[in-house]
There are 2 protein chains.
Amino acid sequence: MAGMTIKDIAKKCHVGVSTVSRAMNNHPDINPETKEKILKAIEEANYVPNNSARNLKRNDAKAIAVLVKGIGNTFFSELVGILERECEKKGYSCILQYVDEQEDEWDVAIRVGKEKRLRGLVFLGGSFSQSQEKISQMEIPCVLSTICTVGMPGASLASVSVDDFKESYKMTEYLIGLGHKKIAFITAPKNDVSIGKLRLMGYRTALEQYQIPYREELVCYMDEKRDTYSYQSGYRLMQELLKRETFTAVYATADTLAIGACRALKEAGISVPEECSVAGFDGMDAGRFYIPSLTTIRQPVEEIGKATAGLLFDLIKGKEKPRQLIYEGELIQRESTARCKQ
Amino acid sequence: MAGMTIKDIAKKCHVGVSTVSRAMNNHPDINPETKEKILKAIEEANYVPNNSARNLKRNDAKAIAVLVKGIGNTFFSELVGILERECEKKGYSCILQYVDEQEDEWDVAIRVGKEKRLRGLVFLGGSFSQSQEKISQMEIPCVLSTICTVGMPGASLASVSVDDFKESYKMTEYLIGLGHKKIAFITAPKNDVSIGKLRLMGYRTALEQYQIPYREELVCYMDEKRDTYSYQSGYRLMQELLKRETFTAVYATADTLAIGACRALKEAGISVPEECSVAGFDGMDAGRFYIPSLTTIRQPVEEIGKATAGLLFDLIKGKEKPRQLIYEGELIQRESTARCKQ
DNA sequence: TTGTACGCGTTATCAG
DNA sequence: CTGATAACGCGTACAA
């Protein structure tokens, strides 16, 4: 039967609708026998309650949502898994929401928050060049994961992340320590104001600290329209770079970009790491299994995930004010980097 | 302001609720001036209509959903993008729904279908060892993408895919053609009844066709509990295989598995393809950029995506009965396979 | 062109 | 323990 409702079940069992509702929602005030009977009838009739109606009426959802921008970013998959587990521990249900690339994640957040009556929200990815105005519309607690907002517009938001500036500095310093002076840099689009900007600053500052002049020509930005954090983009950008510059190392701000770059180098007949070192950022599995395995900054996903959940739940309980939590990244030295031979 | 409703807007503008509703939903019967005024007020007040209430009321959603099982399966990302574009062309909205690994995709489908009043449904991933009973509960048209149901329980479902048996046969035949006789096989869990089974059959049949005895010891199944289609699993399974067998080629039923296997071979000091050929399945980007780049069967994602959307829309219009569409895969020969030297 | 009133399927309240 | 009934926020006949 097509459109079955709670009423049909009630009729079928010769009880009132509220009794059916009680049976479905594990309410205490119900005769176990009636409950049994109703549940069985529901099973038989293949009745599935309408979620829209439930959400409309319910005032206590005990659910949070995770908003992910950037489908196919495998780095988030693990994080999502951890968040789901943490929610389960606390008895919260966790809704996964993907945000289209062209959608505004903040609009989606507000819409979904109301629709599902959420208690809290986690953001994964997104650019976050947000106006203060939109941010203040957010009525429920939310935490930015993997995104650091220190010193950004809208810095009042809670966040859990690594210090992108510092980690980027660390990687650059490591490459300099290997004797590299001409270090190419592949990164986010030029107009990026969050992660991309911070990592660029880290790179630049490290160079200057070690008296290596910063050269804009060695920096290759993603094209805002054509590129994403994909292998393909890393490959393309590396090819561009190869046409116009010489260098002994490449540092890409994502493992995917670094892998694409490795492939371009290989096809140009340049061996990694003998003739050119390559470093990434994130610590994804793909880098670990690549040949050569990729030197990278590993973000402590496990810790970040748990801290994100912890902070969010504290915010929900009112035990905390929005804070920025910073975790330490780990430089993992693998096969793709080596001492500069020149 | 917290819980704003359509009434508040109506009051604010000194109009009735229906007028506000008309303004929001682009109804024709409304004075452009009033519409303008209302839209402006909505903007100012940051009012966002409640989606649950809308879904509850609306009978004509003109939306479909794509259910994806297996987050982090990058193979699906591209497919999803194509489906979204096709929907847009037809004026449909497309809802992306991820299904937890332990959830039953069919239950989710039924629930979401009712909640959102969907017109149709696309399934990506999932095992589909479904009882006929559950299938018959599905009231709206649905298409399985990338999953072939021919000869399976519940074969009445519409699907668009490659012929997994045939493609698997093709790859095995190719390896045999290179002179390989000891071909290890890394695949889905032993109890898999859909894709895993078909690909295994293809492998086995090809061997027998060429008078090479099928040896169970050369087949390495994923552990249902520990493994997924991940690099890590490919790596682990290859290590197991290395301990107990010798072979000159490995064929893994997913590119991710193949990449993990390459890494394990590398660490065992075995060079690919000189000492051992490796082949994958799917045609993912990761394989294209890997070193050595991966020989694989490319699934025609673009065609499959478009055909999936096309078939679904035809089904919705009642122009079609559920059919199984088969597309041809393409064997892409790359660096990871070579002639057997023994 | 606009406003009133009802109903969508569910849950919560309250009286039995 | 159970049943009637009032919300929840919105869309839409229907009347004005």
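Proteins come first, then strands; the chains are lettered A, B, ... in the order of their sequence lines, and each starts at number 1.
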* Does C:dT11 have OP1 or OP2 sitting under 4.0 Å from an N or O in the side chain of A:R54? -> yes

* Report yes if at least one side-chain N or O of B:Y47 is closer than 4.0 Å to OP1 or OP2 of D:dG9; otherwise report no. => no

* With sequence neighbours excluded, what pairs up with A:Y92 under the ring-ring contact (aromatic ring centres under 6.0 Å, His included) test? -> A:F313

* Asked: In this structure, are over 12 heavy atoms from other groups packed under 6.0 Å from B:E78 atom CD?
  -> no

Exam field: side chain [X] to backbone [Y], donor-acceptor pair closer than 3.5 Å:
{"X": "A:D8", "Y": "A:T5", "result": "yes"}
{"X": "A:K69", "Y": "A:E103", "result": "yes"}
{"X": "B:Q324", "Y": "B:L157", "result": "yes"}
{"X": "A:T308", "Y": "A:I304", "result": "yes"}

Are any non-hydrogen side-chain atoms of [X] and [Y] less than 4.5 angstrom apart?
{"X": "B:V99", "Y": "B:V68", "answer": "no"}
{"X": "B:S159", "Y": "B:I147", "answer": "no"}
{"X": "A:L67", "Y": "A:L124", "answer": "no"}

Between protein and nucleic acid, restricted to nucleotides 5-8 of chain D and to nitrogen or oxygen atoms under 3.5 Å apart, what atom pairs and distances do you find?
residue: D:dA7; atom: N3; partner: A:K57; partner atom: NZ; Å: 2.9

For the pair made of [atom1] in [X] and [atom2] in [N], what is the distance, rounded to whole Å?
{"X": "B:N51", "N": "D:dG9", "atom1": "CG", "atom2": "C1'", "answer": "11 Å"}
{"X": "B:N50", "N": "D:dG11", "atom1": "CG", "atom2": "C1'", "answer": "13 Å"}
{"X": "A:N55", "N": "D:dC10", "atom1": "CG", "atom2": "P", "answer": "14 Å"}
{"X": "B:K11", "N": "D:dG9", "atom1": "NZ", "atom2": "P", "answer": "12 Å"}
{"X": "B:I6", "N": "C:dT2", "atom1": "CD1", "atom2": "C1'", "answer": "14 Å"}
{"X": "B:H14", "N": "C:dT4", "atom1": "NE2", "atom2": "P", "answer": "14 Å"}

Side chain to side chain donor-acceptor pair (under 3.5 Å) against [X], all qualifying residues, sequence neighbours excluded:
{"X": "A:T34", "answer": "none"}
{"X": "A:K306", "answer": "none"}
{"X": "B:E88", "answer": "none"}
{"X": "A:N51", "answer": "B:E115"}

* Asked: Pairs in or reaching into residues 11-21 of chain B: which pass salt bridge (charged side-chain N to carboxylate O under 4.0 Å, His left out), with residues at least two apart or in two chains?
  -> B:K12-B:E44

What does the list of N/O pairs under 3.5 Å between the protein and nucleotides 14-16 of chain D look like, with a distance for each?
none

* Enumerate the residues from residues 34-43 of chain A whose closest heavy atom to DNA chain D is under 4.0 Å, giving them by residue number; use none for an empty result. => A:T34

* For DNA chain C, what residues of residues 24-33 of chain A have any heavy atom nearer than 4.0 Å? -> A:M24, A:N25, A:H27

* Checking side-chain contact (heavy atoms from CB on, under 4.5 Å) against A:I64, which of A:L118, A:I316, A:I95, A:L121 comes through? -> A:I316

Which donor-acceptor pairs under 3.5 Å do side chains of residues 24-31 of chain B form with protein atoms, sequence neighbours excluded?
residue: B:N25; atom: OD1; partner: B:R54; partner atom: NH2; Å: 3.1
residue: B:N25; atom: ND2; partner: B:S21; partner atom: O; Å: 2.8
residue: B:N25; atom: ND2; partner: B:S21; partner atom: OG; Å: 3.3
residue: B:N26; atom: OD1; partner: B:K35; partner atom: NZ; Å: 3.1
residue: B:N31; atom: OD1; partner: B:E33; partner atom: N; Å: 2.8

* Asked: Axis-to-axis angle across the helix from C:dT1-D:dA16 to C:dG16-D:dC1, five pairs an end, to 10 degrees?
  -> 40°

